[in-house]
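Numbers here are sequence positions counted from 1. What you are looking at is a predicted structure, and each value in this text was computed from that prediction instead of being measured.
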Amino acid sequence: MTGTDTATALERATLDKAARENFPVAPFFLPRAWRTDLMAVYGFARLVDDIGDGDLAPGGADARVLGVPPERADDRLALLDAFEADLRRVFDGTPHHPLLRRLQPTVRRRGLTPEPFLGLIAANRQDQLVTRYETYDDLRAYCELSANPVGRLVLAVTGTETPERIRRSDAVCTGLQIVEHLQDVAEDLGRDRIYLPAQDMKRFHVQESDLAAPSAGASVRALVAFEARRARDLLNEGAPLVGSVHGRLRLLLAGFVAGGKAAVRAIAAADFDVLPGPPKPGKLQLLREAGTTLRGEG
């Protein structure tokens with residue numbers, strides 16, 4: 001396989017995952033320039049999460065491109081360090097990884113800064129070192145790194161950032177992250193990670209062993225319901241972001257908010273039993289939530 005073939009394969013292995021996300025990445029109704037730049041940002045965010053989760057394509061091609069020696073190709077911290085070094089080349093040189101080469105024109109065209117990208121790397125580095133969160137505030141601080149930069153990048157790419165929109169966007173992104181944590185309790189436990197605050201687990205008399213059951217007991221369901229209300233409140237807090245913009249961007253942001261609210265409803269419809277697998281909303285529910293969000297209701 002030639003170098004060009006390898007680069008193309010690495011890009012496709014990551015970018016093709018966009019269709020499987022819980023949220024619209026770069027839908028067809030957006031201007032082409034926005035779609036191009038949002039896909040470039042997505043490629044970065046998806047790849048850094050795949051590094052942090054150990055979900056890179058087999059064969060070690062990403063490690064080789066990043067200059068990580070074969071004996072450390074499975075060392076997630078080494079990969080994240082190399083990825084951060086390559087990110088910095090986006091801003092002052094020529095990056096090695098094809099997804100970062102794809103990102104460089106977007107950074108230059110939109111005047112993006114390193115901070116949100118570094119936050120996403122820091123979140124994945126934290127995932128290697130921190131697997132439990134004592135308080136809700138601790139979890140919110142993690143979401144500042146793992147989720148909020150994505151919304152800020154969307155606003156930056158579309159040239160619509162203001163302090164108030166950033167505040168609303170942060171609320172939406174944190175709400176979406178908490179919803180995803182609730183959907184993925186069993187999967188995360190398999191990675192030895194728990195994103196349910198320990199204080200809340202204690203309050204609802206939930207032990208870690210309860211999360212390994214095939215289905216949730218009453219205490220786990222009560223805990224999930226409590227965290228789902230928090231996520232819903234954050235999504236409601238951030239929802240006015242949608243009405244603050246116009247045109248196609250309004251549709252995109254409504255999709256983000258509606259996706260989170262529909263997921264919360266799906267969790268409730270499953271009687272808050274998330275352990276058998278992630279409850280997912282249907283397309284009809286998503287459309288209903290999008291309509292409600294666009295009308296500024298609910």
Side-chain angles (χ1 to χ4, degrees), residues 1-22 25 38-107 112 114-133 142-147 149-150 153 177 180-181 183-195 278:
M1 183 179 287
T2 67
T4 300
D5 290 340
T6 299
T8 300
L10 285 176
E11 286 189 284
R12 292 267 55 91
T14 298
L15 296 178
D16 286 351
K17 295 180 181 180
R20 303 197 295 272
E21 298 290 356
N22 287 334
V25 174
L38 290 172
M39 282 303 295
V41 169
Y42 171 78
F44 173 91
R46 181 69 270 160
L47 183 59
V48 73
D49 277 356
D50 285 349
I51 293 172
D53 291 339
D55 287 339
L56 291 175
D62 291 285
R64 287 193 297 274
V65 168
L66 292 170
V68 176
E71 64 273 15
R72 301 194 69 189
D74 293 326
D75 184 335
R76 298 178 194 179
L77 286 172
L79 286 164
L80 289 168
D81 288 346
F83 194 58
E84 180 176 331
D86 210 29
L87 170 68
R88 294 188 185 279
R89 295 185 194 102
V90 170
F91 294 88
D92 61 13
T94 302
H96 299 162
H97 199 286
L99 285 170
L100 292 181
R101 290 200 297 271
R102 174 187 284 260
L103 180 65
Q104 192 170 49
T106 292
V107 164
L112 305 182
E115 284 72 25
F117 300 104
L118 291 170
L120 294 172
I121 293 174
N124 279 276
R125 191 175 281 122
Q126 185 167 313
D127 276 335
Q128 314 311 310
L129 305 171
V130 180
T131 60
R132 306 290 189 276
Y133 291 86
Y142 168 75
C143 294
E144 283 283 343
L145 300 173
S146 69
V150 175
L153 284 166
Q177 180 76 90
E180 183 177 340
H181 288 160
Q183 290 177 311
D184 294 342
V185 168
E187 179 182 334
D188 289 334
L189 186 65
R191 301 180 191 272
D192 191 32
R193 298 177 187 167
I194 295 177
Y195 295 103

With sequence neighbours excluded, tell me which residues meet side chain to side chain contact (heavy atoms under 4.5 Å, CB included) with A63.
V68, A73, L79
Working to the nearest 0.5 angstrom, can you tell me the gap between M39 CE and T106 OG1?
11.0 Å
Donor-acceptor contact present, side-chain R64 to main-chain G59, <3.5 Å:
yes
Any chance CZ of R72 has more than 12 other-residue heavy atoms, nucleotides or ligands included, within less than 6.0 Å?
no
At what distance, to the nearest 0.5 angstrom, does CG of D53 lie from CG of N124?
6.5 Å
Using a 4.5 Å cut-off on heavy atoms from C-beta on, say whether the side chain of L77 contacts that of L129.
yes
Non-hydrogen atoms of Q177 and S146 that approach each other most closely:
OE1-OG, 2.7 Å
Decide side chain to side chain contact (heavy atoms under 4.5 Å, CB included) for T131 and I194; before the verdict, give the C-alpha distance in whole Å, the side-chain angles of both, and the deciding distance to 0.1 Å.
CA-CA 6 Å; T131 60; I194 295 177; over 6 Å; no
Could you tell me if the side chain of L103 sits less than 4.5 Å from the side chain of L100, heavy atoms only?
yes
D86 side-chain N/O to H96 backbone N/O, donor-acceptor pair under 3.5 Å
yes
Hey, what do you get for CG (L47) to CG (L56), rounding to the nearest 0.5 Å?
6.0 Å
Regarding R132 and D192, does a basic nitrogen lie under 4.0 Å from an acidic carboxylate oxygen?
yes
So how far is it from L99 CG to F44 CZ, rounded to the nearest 0.5 Å?
10.5 Å
Got a second to check how far L87's CG is from L120's CG, nearest 0.5 Å?
9.5 Å
About how many Å separate NE2 of H181 and OH of Y142, when rounded to the nearest 0.5 Å?
5.0 Å
Checking F83 against F117 for the ring-ring contact (aromatic ring centres under 6.0 Å, His included) test, could you report, in this order, the C-alpha distance in whole Å, the side-chain angles of both residues, the deciding distance, and whether it holds?
CA-CA 11 Å; F83 194 58; F117 300 104; 9.7 Å; no
Exceeds 12 heavy-atom contacts within 6.0 angstrom, atom CG of D74
no
Provide the closest heavy-atom pair for R191 versus D55 in the form atom of the first, atom of the second, distance.
NH2-OD2, 3.3 Å
Heavy-atom nearest pair, P95 first then R101, reads O-CG, 3.3 Å
Indicate yes or no for a side-chain donor-acceptor contact from Q104 to the backbone of G93 under 3.5 Å, with no hydrogens or angles considered.
yes
Side chain to side chain contact (heavy atoms under 4.5 Å, CB included) evaluation trace for D127 with R76
CA-CA 10 Å; D127 276 335; R76 298 178 194 179; over 6 Å; no
Taking NZ, NE, NH1 and NH2 as the nitrogens, is one of them in D184 or R193 under 4.0 Å from a carboxylate oxygen of the other?
no
Nearest non-hydrogen partners of Y195 and D188, listed with the distance:
CD1-OD2, 3.3 Å
